[in-house]
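Report on one structure; see the data block that follows.
Whatever order the structure lists ligands and atoms in, that order sets their numbers, starting from 1.
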Amino acid sequence: MYTIDLTGKTGLVMGVANQRSLAWAIAQPLARAGATLAYSYQGDRLRPTLEELTADQDALLVPCDVTDDDELDALFAAVRERFGRLDYLVHALAFAPQETFERPFLETERDHWRLAMDISAYSLVATTRRAAPLMQDGGSVLTLSYLAAERVVPHYNLMGVAKAALEASVRYLAYDLGPQRVRVNALSAGPARTIAARSIAGFGDMYGEAGRQSMLRRNIETDEVGSFGFALLVDELSGGLTGETVYVDAGFHAIGMFIPEHHR
Ligand code: NAP
């Protein structure tokens, strides 16, 4: 069997809210392979959950709201102090105000735009910029995106535009960091039932349709995001890939037309 041993490697995982979080799905195979991990969380209310989830890991837990530069600086200072270096950065967080999922995109307000872009797109730049000096032996950055970045998915609205900015940022960051052997990629996941997904109006119906209409005729499992996220991070499995957005969505993104089941 082909095994990957990440003993001695270190990673920072941002965006674990609970056991359903895509960040947690990616953290688990990293930890199982022997990597030592730090986790950042937004606000004290999430700390007990993280403590419970990571009870069997020697994990560093640090609060960080990505809109706050001081908290970002403190997070990376804590990572530097504990690990002295960094191999992997998992950026799995996003936010847009509830109203933006409920009202037409046409009604997007400036404050909402700023906030969604800041948390969902700029935070990748802010974190990668701070991670890069710690990636002295090369490294790998992974963010999470969604099809609404390049197609209209009803209700995603501002979040779709923020994901488009995120995917473009992946390419520019990958270009800047290529000479340093730091790879930057996005995993575009099919719908998964997480806390963040709950804020999207009509998510339940869309989840069902994505499952029925995808090539595999099912929804993805979060473990599938975890294992492929792992592959995108680890040089042994994806060393030649950077600046890319890769889909783990049961083939949904590549279908050009949906037809009724009885005509398939
Ligand atoms: P999740 O478990 O709710 O994770 C989202 C995380 O973002 C939470 O930990 C949340 O913390 C954090 N966050 C929000 N604002 C933040 C801020 N200002 N500073 C720091 N952290 C902040 O949901 P998820 O679905 O796993 O989301 C992870 C990523 O996957 C997101 O980028 C999402 O867009 C993407 N994605 C999700 C799906 C899906 O269907 N679930 C599909 C494709 C892509 P709080 O809980 O404290 O707000």
Side-chain angles (χ1 to χ4, degrees), residues 12-28 39-50 53 61-72 74-75 89-98 100-101 114-124 126-127 141-151 153 155-167 169-170 186-200 202-211 214 219-226 228-229 245-250 252-253:
L12 169 60
V13 179
M14 307 183 73
V16 178
N18 63 18
Q19 78 283 356
R20 289 170 176 241
S21 296
L22 300 184
W24 180 240
I26 297 166
Q28 286 176 89
Y39 295 84
S40 71
Y41 55 94
Q42 185 200 195
D44 287 341
R45 77 195 149 78
L46 287 182
R47 189 172 175 108
T49 307
L50 263 176
L53 287 174
L61 308 183
V62 188
C64 182
D65 177 335
V66 295
T67 61
D68 186 324
D69 280 335
D70 292 340
E71 290 195 19
L72 281 165
L75 168 63
L89 172 63
V90 178
H91 172 278
L93 51 90
F95 177 80
Q98 184 68 38
T100 68
F101 295 106
R114 283 189 177 137
L115 188 61
M117 285 289 174
D118 188 5
I119 297 176
S120 311
Y122 179 70
S123 64
L124 180 70
T127 51
V141 177
L142 177 65
T143 189
L144 273 292
S145 194
Y146 179 58
L147 181 62
E150 57 171 296
R151 309 266 167 98
V153 178
H155 298 299
Y156 278 77
N157 303 333
L158 179 55
M159 181 59 85
V161 175
K163 291 297 192 193
L166 180 76
E167 292 182 10
S169 302
V170 163
L187 186 163
S188 184
R193 293 183 194 277
T194 62
I195 302 180
R198 268 193 236 146
S199 54
I200 297 158
F203 179 81
D205 289 342
M206 282 190 280
Y207 181 87
E209 282 308 305
S214 69
N219 290 101
I220 55 147
E221 304 287 338
T222 54
D223 283 355
E224 292 170 329
V225 173
F228 200 70
T245 298
V246 188
Y247 291 85
V248 177
D249 70 345
F252 187 93
H253 72 282

Open item on the list: As an exercise, identify every atom of ligand 1 less than 4.0 angstrom from a heavy atom of I119.
Closed with: 15 (N), 16 (C), 18 (N)
TODO: May I ask you to check if ligand 1 and L22 share an N or O to N or O distance below 3.5 Å?
DONE: yes
Task: Contact partition for R20 relative to ligand 1, non-hydrogen atoms under 4.0 Å - done: neither
Task: Those atoms of ligand 1 less than 4.0 Å from some heavy atom in A94 - done: 7 (O), 14 (C), 31 (C), 32 (O), 34 (O)
- [ ] Using a strict 4.0 Å cut-off to heavy atoms of L144, name the atoms of ligand 1 that fall inside it.
- [x] 29 (C), 30 (O), 32 (O), 35 (C)
TODO: Return yes if some donor-acceptor pair links the side-chain N/O of D68 with the main-chain N/O of E71 below 3.5 Å, else return no.
DONE: yes
- [ ] Give the atoms of ligand 1, by number and element, whose distance to some non-hydrogen atom of Y146 is under 4.0 Å.
- [x] 43 (C)
TODO: For P191, counting its heavy atoms only, list the atoms of ligand 1 lying under 4.0 Å from any of them.
DONE: 40 (O)
- [ ] Report the relative orientation of the aromatic rings in F101 and Y156; use parallel for angles under 30°, tilted for 30 to 60°, perpendicular for over 60°.
- [x] perpendicular
Open item on the list: I need the atoms of ligand 1 closer than 4.0 Å to a non-hydrogen atom of C64, numbered in the order shown.
Closed with: 19 (N), 20 (C)
Task: Sub-4.0 Å atoms of ligand 1 with respect to non-hydrogen atoms of G190 - done: 40 (O), 42 (C)
- [ ] Under 4.0 Å from a heavy atom of D65: give me the atoms of ligand 1 that qualify, with their elements.
- [x] 17 (C), 18 (N), 19 (N)
TODO: Could you tell me whether the side chain of R20 and the main chain of R193 form a donor-acceptor pair under 3.5 Å?
DONE: yes
Task: Part of S40 within contact of ligand 1 (heavy atoms, under 4.0 Å) - done: neither
